Amino acid sequence: MTDYLDRLNPEQRAAVETVDGPLLVLAGAGTGKTRVLTTRFAHILLTGRAHPGQVLAVTFTNKAAREMRERVGVLLGRPAEGLWLGTFHALCARMLRRHAALLGLTPTFSILDADDQLRLLKQVMEAASVDLKRWPAPGLMAAIQRWKDRGLVPAAVTPAEDTDFAGGRARPLYAAYQARLLALNACDFGDLLLHVTELLRTNAEVLGQYHRQFRYILVDEYQDTNLVQYLWLRLLAQASGNICCVGDDDQSIYSWRGAEVENILRFEKDFPAARVVRLESNYRSTAPILAAASGLIAHNEGRLGKTLRPGRRDAAGEQVSVVGLWDSDEEARMVGERIEALRRDDGQGGRHGLSEMAILVRAGFQTRAFEERLITLGVPYRIVGGLRFYERAEIRDAIAYARILVQPADDLAFERIVNVPRRGVGDAALRAMHARAREAGIPLLAAAAILLDEGALKGRVRDALRDLLRGLDRWRETLPREGYVVTVATMLDESGYMEMWQRDKSAEAPGRLENLKEFVRALGDFETLQGFLDHVSLVMENEESSEGERVSLMTLHAAKGLEFDTVFLPGWEEGLFPNQRALDEGGNKGLEEERRLAYVGITRARRRAIISHAANRRIYANWQSSIPSRFIEELPSEHVAVTGAARLARDSMLRAPSVFAGQFPLAARRQQTIDVWEMPARPARAASFAVGARVFHQKFGYGTVTAASDNRLDVAFDKAGAKRVLDSFVEPA
DNA sequence: TGACGTCACTTTTTT
DNA sequence: AGTGACGTCA
């Protein structure tokens, strides 16, 4: 019955069994944080302390929520149902729909995505005749979001907290934006938290209801919470005091979007009886990797202090490699070579699966060099992150159609679809509708109907708009009868939206139609259209093309929470990592966050970490030379193996840049350094290649010789096609 | 309404 | 360099 407890180490067990009262679990990387959280959840249920619906479990991402749900289900031996388990936003949306009326919304309010938010804010700013050139809307959007992150409604923004945006008009603009949202019966992401927190703060009855409901609260990735999230948690936990937060201050890498590590310190202050458990036994990585990561992070000040101890029996392992390369192309080549070598053999007679390797970069643009390289080598890879399903234009259009069906007052949705597919409703017509809507204080859709009645519109615009409005009436009518799945599908069809993509001959059109089909299929998974819309705006993700063995390519931020046998950490150069902008904007705090990012990167590795830096990198248009990252020096040298010219480059460039920079013309230097660094050394010029021989070319990858004359070869490359090359540029494959 | 030119931008990103 | 947003012109 309680054998699940036997699988835990003493600290983990303490974290699970300290059920009552506030508990802070400081969980280092790889110390079994998720296991503790899920086991604790199951423990609460299995010991009869609470029913599934009486535990509130909060995560940051949907992925984490899904994982926790699954693992709790496994521990319980049955699928876990009726749980209040989800992201902050999803849980808040659920609460907000219940109490919408108390905040001046209806339960069908729309949730706007980043795109809608910005469009709306722009409209507000235009209406206030703000010069959008001088005061770009994204700047104000960011300020508003930060306010919302801190739980500040417009009235609560004091002058001290104001920005000088648009000559001190930021606050009134924020207020106007909120008013517009309310008028549209809509929320942005930040509002979900803000409104619910505001409600809990001001309405004792609602607060009491949740106090009675939630006996236990569990929080994941606590170091990433922002202030509203903290306030929300504190309000909900203040009655029972049974709140358990799990986090790692050393992995706090999201301060730039409002996360406050200080919440960890605040926790102990607000819950004076709080107990603290540290998880320090790491079961993921080898001893050298842990030593390197610990040594690095020790350079940060103001940590809560945690040491990672190797917890695996087989913790011995190779040192962390640091490799210096001439430029980013060479760096990509080195990584490609190592990947291929690992794929063939891991040194112990085993092979490495590609899905156990990852390349973690600081910034998105770095992936390109690796992609190109992996393509020529024919190594499958996947990019993690990128556009989510619901961010695609066709899905957003489809959602807008569904939204306008549920909520005729949703002007943003109306604007999005009124001329998609093209109906000849241009700016002029839209302006007329806006004018009428504003003076009568009604939604655009209603304004359109009035303009039609009055005969204010002519010709094609009139006919098209009339068709659309009639269609909407009709679909809304069939909705209760046919169900929303059929109705939405019909709507997409009859509105001409599907046809628009069927007629589109561009390369993306078939993919978009596929996505739309998937959209309609997914509609059926929900009981209500509202539920579906919430899912789409809060939860829906790209289904990962996870089939097959692939190298993962992603940013360090995207890698948090993941682990791989082998991790490549390229681009450790001053300016790139630590990132110059982070330094400029965040000063020493910025530097420390960059260092935490480096710590996150290293601790993703189970067995092998390969850090690299290039002396030259093309940034935008021109080449820029750079020196190795200070983080490299901060690694404890006994756990690090430096190869290539890492040491040389750092020393000589720091002490006497001229030696390195001015001695040779660029081309000569490049040649020379490549000769030195390239490994394995290129074989002495091979005699000649026979037709049919397999060859490898640095740029084109693998191929088969189809013709040979003198030193010229015709090669059919597997990926790059047929090329004529000099034989000295290929080697036997 | 669409084509074209100009301009500024280019870290990280969930919901 | 490449992109995307915006404005102007036919």
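The model shown is predicted, which means the values in this text are computed figures rather than measured ones. Within every chain, numbering begins at 1; the chains are lettered A, B, ... in the order of the sequence lines, protein sequences first and strands thereafter.
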Stacking between A:Y254 and the base of B:dT13 (centre distance under 5.5 Å, interplanar angle under 30°)?
no
If I take atom CG in residue A:D534 and atom C1' in nucleotide B:dT14, what distance separates them, rounded to the nearest angstrom?
16 Å
Per nearest nucleotide of DNA chain B, the residue lying toward the 5' end, A:F365 or A:F88, is A:F365
Would you call A:D534 and A:R97 a salt bridge, using N to O less than 4.0 angstrom?
yes
For A:D149, answer base if it contacts any base atom (sugar-phosphate contacts may also be present), sugar-phosphate if it contacts only those atoms, and nothing otherwise; contact means non-hydrogen atoms under 4.0 Å.
nothing
Please compare A:R581 and A:G190 by the position of their nearest nucleotide in DNA chain B and report the one closer to 5'.
A:R581
I need the CZ-C1' distance between A:R368 and C:dA1, as an integer number of Å.
8 Å
Looking only at the side chain of A:T87 (C-beta and beyond, no hydrogens), which of the listed nucleotides B:dT11, B:dT13, B:dT15 gets closest?
B:dT15
Side-chain (A:D410) to main-chain (A:A413) donor-acceptor, under 3.5 angstrom
yes
Report the distance from atom CZ of A:R134 to atom P of C:dA5, rounded to the nearest whole Å.
24 Å
Would you check if the distance from the ring center of A:Y254 to the ring center of A:H557 is below 6.0 Å?
yes
Under 4.0 Å between any heavy atoms, over every strand shown, what does A:K122 touch: base, sugar-phosphate, or nothing? Just pick one.
sugar-phosphate
Measure CH2/A:W256 against P/B:dT14 and give the value in whole Å, please.
8 Å
A:N419 CG to B:dG2 P, in whole Å, measures 8 Å
Taking the side chain as C-beta and beyond, is there a heavy-atom pair between A:Y222 and A:Y230 under 4.5 Å?
yes
Distance in angstrom units between A:L91 CG and B:dT14 P, rounded:
18 Å
Students often get this wrong, so: under 4.0 angstrom with heavy atoms, is A:E221 touching a base, only sugar-phosphate, or nothing?
nothing
Can you measure A:K133 atom NZ to B:dC9 atom P for me and round it to whole angstrom units?
11 Å
Between A:T555 and B:dT11, is there a side-chain N or O to OP1/OP2 distance below 4.0 Å?
no
Please confirm whether A:Y599 and A:H299 have ring centers closer than 6.0 angstrom.
no
Atom C1', compared across C:dG2 and B:dT13: separation rounded to whole Å:
22 Å
Just the rounded figure in Å: distance from C1' of B:dT15 to CD1 of A:I111.
9 Å
Report yes if at least one side-chain N or O of A:N62 is closer than 4.0 Å to OP1 or OP2 of B:dT15; otherwise report no.
yes
With a 3.5 Å cut-off and heavy atoms only, can you find an N or O donor on one side and an acceptor on the other between the side chain of A:R422 and the base of B:dT1?
no
